[in-house]
Structure formats: structure tokens, C-alpha cells
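A short write-up of the structure that comes next.
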Amino acid sequence: EERSNDLHGSTFDDKTTLRFDRTAGRFYFYDADRSVWEFDSDTGQFLRQTMPGGQTISVVSRVDNGDHVEEMQQSDGTTTESWLYEYSQPYDQLLEQVTLRRRVGAGSWSNVERVVYTYYGHGETHGSWGDLKTVTKQTWDGSAWDDLGTTYYRYYITLGGSSSSSSSSSSSGPPSEPLPVHLLKY
């Protein structure tokens, strides 16, 4: 339901509203739970969420190209958690790691946990270039990162054509060709 040029409500009575602030260049989405989501009107990128209790989640910075988040923070007014995102170079293509750190009040940041990602390269078996290969979860022991475990991912290309598992050499059509579909096995 359109209420004005810059304020729109739901037609299904679900108590959500979208407001456009032309001066700030922001869209504000008011959720039924009273959370407010803020988005940049030029890029559509998420900027901030404010929850009913006053907790906030916000994008603090983006990498130079502006496409990827570099840091997000969540705060309840006392404790702030920060997620630092690092990407592969050049061109910030693939997420390499995410570090969670925490601080109380105006205190200093303390590392908490980190996740490190690796990806398949050209010509590697079990995955194509850029497919996720491993995820290693780490915890900070006060002076260094300790590995908690690594998950390995393998991908298999399915073949087009008949879904039969028969090994017959006769065919009623052209030979099957790989489809650009991956099946994840881990």
C-alpha cells in the first residue's frame, strides 16, 4: 500500500514499512519486530540494523572497491563484537578469513575466533577454480591461533543425458557432456 512517495506499507497487513529518506540517501525497512534495517539507496548495500533492545549490527568499512565488507560490528552498548573480513588479492575476489574479536566498553580488542578458507586452483581434482576447498576453525589462546578442526570439500560434476547407472555402450543420442553443476561432498 503506497502511503506517500517515500513511505510504503505492506498490502498483507504484516506491519512492515519501507521508507526512503531522500536527504540521507537511505532506505529504512521497519520490520514487524520493530527492528530497523538501513540500506544505501545508490548501491542497495546493507548499512545497519538496529534491534528493539538497542543492539546494533553495522558495516564499519568496506574494501577499496566498495563491493565487499571489510568490518562489521555488533554492539549491545557494553560489549562490541567485530568481524574482520580478509579477501584474496588481486581484486578482492575470494574470502580468505573472518576474525571475530571482542571488547568491553572502551577497552582494547581481544581476538576470539577465526575461520580460514582455502579454494581450489586451476587443474586441481575435486573442484574448479574458486570452489571452496577447506574451512579451518581456529581459536585464540592469548598469543597464537590454535586449530580446532578443518572441513574439506570435494565437488563432482554430474553428466547430462540419461540418469541410468547402466554401463551399456549403446546410446540413443549424442554422448553425454558435463553440465556446469557441482555436487558438494564433504
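For the numbers below, each heavy atom of this structure counts, side chains included, while hydrogens, waters and symmetry mates do not.
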Donor-acceptor pair, distance only, cut-off 3.5 Å: does the side chain of [X] make one with the backbone of [Y]?
X	Y	result
Tyr87	Val69	yes
Thr43	Gln45	yes
Asp31	Arg34	no
Ser88	Leu94	yes
Ser41	Gly25	yes

Give a yes or no on whether [X] and [Y] share a hydrophobic cluster (residues Ile, Leu, Val, Met, Phe, Trp, Tyr; joining criterion: side-chain heavy atoms under 4.5 Å apart).
X	Y	result
Tyr155	Leu95	yes
Phe46	Phe27	yes
Val115	Tyr153	yes
Val59	Ile57	yes
Leu84	Leu47	no

- Going through the checks in order, is the side-chain contact (heavy atoms from CB on, under 4.5 Å) test met by Tyr119 and Asp131? CA-CA 5 Å; Tyr119 300 88; Asp131 285 340; over 6 Å; no
- Could you give me the CA-CA distance, side-chain angles and deciding distance for Arg102 and Glu81, then say whether salt bridge (Lys or Arg N to Asp or Glu O under 4.0 Å) is met? CA-CA 4 Å; Arg102 185 176 293 135; Glu81 292 184 327; 2.5 Å; yes
For the atom pair [atom1] ([X]) and [atom2] ([Y]), what is the distance rounded to the nearest 0.5 Å?
X	Y	atom1	atom2	answer
Thr17	Tyr30	OG1	OH	8.5 Å
Thr50	Arg48	OG1	CZ	6.5 Å
Glu71	Ser58	CD	OG	8.5 Å
Arg114	Asp146	CZ	CG	10.5 Å

Taking the side chain as C-beta and beyond, is there a heavy-atom pair between [X] and [Y] under 4.5 Å?
X	Y	result
Thr16	Phe29	yes
Thr78	Val104	yes
Lys133	His126	no

- Task: Check the pair Val135, Lys137 against side-chain contact (heavy atoms from CB on, under 4.5 Å), reporting the backbone distance first and the verdict last.
- Result: CA-CA 7 Å; Val135 176; Lys137 187 172 181 182; 5.9 Å; no
- More than 12 heavy atoms of other residues, nucleotides or ligands under 6.0 Å from CH2 of Trp145: is that the case? yes
- Check whether the side chains of Gln74 and Thr80 place a donor and an acceptor atom closer than 3.5 Å, and report yes or no. no
- Does the side chain of Gln138 pick up a donor-acceptor pair with the side chain of Asp147 at under 3.5 Å? yes
- Task: Could you give me the CA-CA distance, side-chain angles and deciding distance for Val98 and Tyr117, then say whether side-chain contact (heavy atoms from CB on, under 4.5 Å) is met?
- Result: CA-CA 9 Å; Val98 179; Tyr117 303 95; 4.1 Å; yes
- Query: Stepwise, does the side-chain contact (heavy atoms from CB on, under 4.5 Å) test hold for Met72 with Tyr85?
  - Reply: CA-CA 8 Å; Met72 289 188 71; Tyr85 299 84; 4.1 Å; yes
- Task: Before accepting this row, confirm whether a basic side-chain N of the pair Glu113/Arg101 lies closer than 4.0 Å to the acidic partner's carboxylate O.
- Result: no
Atom of [X], atom of [Y] and distance for their closest heavy-atom approach:
X	Y	answer
Leu132	Thr134	CD1-O, 3.7 Å
Thr139	Val112	OG1-O, 3.4 Å
Tyr120	Thr125	CE2-O, 3.2 Å
Arg26	Phe20	O-CD1, 3.4 Å
Trp109	Gln73	CZ2-NE2, 3.8 Å

